[in-house]
K.L.:
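Attaching a single structure in structure tokens format; questions to follow.
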Amino acid sequence: MKIGVIKAYILKELTELVRSRFIIMVYLMPSMILFLFGYGIRMEVTHARTLILDNDQSPISHQLVSKFEHSKYFDVTLSSVSEDEALRRIKRGESDLIIIIPESFEKRLLHAQPTQIGVYVDAAFPSRGVTMENYVKGVVLDAASSVAPGLAKGIIQINQRSLFNQAMRDEDAIVPGLIGLVLLVAPAILAALLIVKEKERGTMFNFYASPVAKAEFLSAKMIPVFLLHSVNIFIVFLWAVYLFEVPFRGSFLLYWIASEFYIIISLSIGMLISIITRTQIVAVVLTVIITIIPGFLYSGIIMPISSMIGMSRVEAHIFPVMYYNHILYDVFLVGEGLASAKTQGYLAILALYGAGLLTLGSLLLRKELK
Amino acid sequence: MTKIFWAIVGKELIAFIRSWQLVFVVLYAFSVEVYIAGSGIEINPRNVAVGYVDLTGGGMSQKILTRLHAPEFLPPKRFDSQQQLSRAIFNKEIIIGIVFNADFEKNWRGGKRTQLDVLVDATAASQAYTTLGYLQNIVLDLSGVNLLLEIASHKLFNPNADNHTFMALTEMLSIITMLTVILTAVVFVREKEQGTWDIMLLMPVDPKLIILAKSFSQVIIVMVGIVISLGFVVFGMFETPMNGSFAAFMVLSFFYVFATAGIGLFIAAVARDVMQVAQLSIIIMMPMIFLSGAWTPIHAMHPLLQLLSYASPLRYYIEGSESIFYRGTQWGDLWPYFLGVTAVGGVMYAMGFRKIGRLF
């Protein structure tokens, strides 16, 4: 390894990167993803378009309807269309939910006869459907206990305390996970084209013919991207803490070190792709597929790893996202840091992962034509 | 005219097939990726790890615990103290912790206000929400209160709220978007990069025909991918219902893919090399997929984002596809989606077409 060679090569790489308006990729994209998803993704379902058919028109049914009207979860339209017409509206995607209050609803309740409220939920988007169903139950139950307070006596109340995320803010749950996604995708895509570009243009022969060693070549390719993206670790941290107001309870040093390891992993994934592919288009598509989708699936944003079974559980353990995100959630929300054996273990896994990928990359890189 | 058109289309298709790596990656995206997304994600509670501390000495607490069974819950794990339980939640071994206080049983028997303490790891917010709802139902059911009021709830179109078919479908739609944009853009940019662009300019062929034929060839590739993905994965592996017309879906897809190819043309006109294509397409695609309502319901978004989502053809495509597959909407009621895809898509394709046309 000659430092002079590496320096010269890095200079050349940087010039090329600057010329290809790389700045969009390095600094704009991560922040954009963080803004868009951080503000946009909401697990809560609000403003469900609700159609209520009140066939009873009694004081009690009015009371029930007004409970729905005053909930932020429902946008209520009262209507007296037929049930068939209401169902057609769901089919056309104009309503998400129909609630049918039967005739003589009040009479039956007052005479202590059992009665039924019909609820039809559009479950074409399943999780949304289930959530809406639960909300309806909650509102009806709430209405029932306010009409007849005696009812509430035998009910066991659930007193829920959320650890780490007391307010159940969606931002707190999502933004750290997004950092794991952003720092996986952005460096990988930038790195994925660096070598394959030379192959496709034929300038790879310069490397074959020159006395530059493989290790020098690889480090010259990776160091600029690594340094540029290291800045992002701080940028996304600032957005998370000051813009999204996610609490930060752990040690910044741990966050920083783990993120640097993670960036090395991400870079190495891109580098590996660049080494095995022959054309740039393949490299782009492959990188997008193997970083964005697993980055989302296994980030823990959508579902916890412990709930996965079979293939996806195995895969979640293969991808680095899971380990990094555990550390991220720890430093942001839990704050236990290196005191936990699991965090120590995961940090070690990240370091080994990076080292392993780097070794694999340098083994696969050839310095002569096949 | 038509002969030249098909010659160019044929040439692009051959170029695609010759690159076996590209064929492999595209096939992989349309099959394995769709399968993984469909099989892996479960939003309903499943295998939720529950831990508990029981200070009551049995009775009601055990009744509640026996209700927490597979597949939604793992067998509840007993802890001796609340500290141990919190520790396990810290380490993400337990997601929901239930604490039965010493007076829990007494209060309940005495008909007093009874309280059940639940500790939730809310870093997994979505599952925490649904699991809490679940627990609420169990407890309500067990309290034996006769409410006289029954909620007869029906989940239309997907009675078991099966998430797999839905995830596989939306994943396929996202992959269609991604591949169409990148493939179309690269078909043009590759010529720029390799220097064959000038040769193309010298050809005695109407530039409009070249643009049309080149983008059409990529539309064909993606359409074949859609058929493969539908046949082997969406229908083959997941038994997705098809309540509407298959033809309607294919026609809608064709319009949509053409519209998306327009975005590819636009990127191709601006980008000078594949690196820029990668950058631009991600910057354009991410918001587009995001605003489509595939991941998060549109009606819960910020009003400004809702307004913006009207400009994303993917929004109409996804809603239209959901309607065809699940809601079984008939041709006549599908017109808003067709109109949306063709109108927004037409404008996009025309813009992309003009932009790249200036380079000829």
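Heavy atoms only: backbone and side chains are in, while hydrogens, waters and symmetry mates are out. In what follows, every chain begins at residue 1, and chains take the letters A, B, ... in the order their sequences are listed. Here the structure is a predicted model, which means the values were calculated and not measured.
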K.L.:
With a 4.5 angstrom heavy-atom cut-off, is it the side chain or the backbone of Tyr28(B) that approaches chain A, or both, or neither?
P.N.:
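Tyr28(B) touches chain A through side-chain heavy atoms alone.
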
K.L.:
I'd like to know whether Met32(A) forms a side-chain contact (heavy atoms from CB on, under 4.5 Å) with Ile283(B), so could you lay out the CA-CA distance, the side-chain angles of the two residues, the decisive distance to 0.1 Å, and finally the verdict.
P.N.:
CA-CA 8 Å; Met32(A) 191 196 75; Ile283(B) 294 224; 4.0 Å; yes

K.L.:
Taking every non-hydrogen pair under 4.5 Å, which of Val284(A), Asp75(A), Ile289(A) racks up the most with chain B?
P.N.:
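Max contact count across the listed options: Ile289(A).
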
K.L.:
Name the region of Ile33(A), side chain, backbone, both or neither, that has any atom closer than 4.5 Å to a heavy atom of chain B.
P.N.:
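The answer is the side chain of Ile33(A).
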
K.L.:
So which of Gln194(B), Arg327(B), Met178(B), Glu33(B) has the biggest tally of heavy-atom pairs under 4.5 Å with chain A?
P.N.:
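The residue among Gln194(B), Arg327(B), Met178(B), Glu33(B) with the greatest pair count is Arg327(B).
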
K.L.:
Could you look at Ile98(B) and say if it's the side chain, the backbone, both or neither that has a heavy atom under 4.5 Å from chain A?
P.N.:
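Nothing of Ile98(B), per the 4.5 Å heavy-atom cut-off to chain A.
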
K.L.:
Could you tell me which portion of Val186(B) (side chain, backbone, both or neither) has an atom closer than 4.5 angstrom to a non-hydrogen atom of chain A?
P.N.:
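When you check distances to chain A, only side chain atoms of Val186(B) fall under 4.5 Å.
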
K.L.:
For a quick test of reading the model, state the closest non-hydrogen atom pair linking Met29(A) to Ile282(B) and the distance between them.
P.N.:
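Closest approach of Met29(A) to Ile282(B): SD-CG2, 3.2 Å.
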
K.L.:
Side chain from CB out, backbone as N, CA, C, O: work out which of these in Tyr337(B) comes under 4.5 Å of a heavy atom of chain A, or both, or neither.
P.N.:
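Contact with chain A: side chain only.
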
K.L.:
So for Trp20(B), is it side chain, backbone, both, or neither that comes closer than 4.5 Å to the heavy atoms of chain A?
P.N.:
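Interface part for Trp20(B): side chain.
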
K.L.:
Does any non-hydrogen side-chain atom of Thr279(A) lie less than 4.5 Å from one of Leu22(B)?
P.N.:
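Contact flag for Leu22(B)/Thr279(A) side chains = no.
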
K.L.:
Checking heavy atoms, do the side chain of Leu87(A), its backbone, both or neither come under 4.5 Å from chain B?
P.N.:
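Side chain only.
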
K.L.:
Is it true that a side-chain atom of Gln21(B) and a backbone atom of Arg278(A) form a donor plus acceptor pair closer than 3.5 Å?
P.N.:
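Judged by distance alone, yes, a pair lies under 3.5 Å.
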
K.L.:
Mind checking the CG-CE spacing from Leu194(A) to Met275(B)? Nearest 0.5 Å is all I need.
P.N.:
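These two atoms lie 5.5 Å from each other.
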
K.L.:
Nearest 0.5 Å please: distance from the CD atom of Glu16(A) over to the CG atom of Asp273(B).
P.N.:
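Rounded to the nearest 0.5 Å, the CD-CG separation comes out at 9.5 Å.
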
K.L.:
Do Gln280(A) and Arg190(B) have side chains that get closer than 4.5 Å, going by heavy atoms?
P.N.:
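A side-chain contact under 4.5 Å is absent here.
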
K.L.:
Which heavy atom of Ile281(A) sits nearest a heavy atom of Leu183(B), and at what distance?
P.N.:
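Taking every non-hydrogen atom into account, CD1-CD2, 3.9 Å.
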
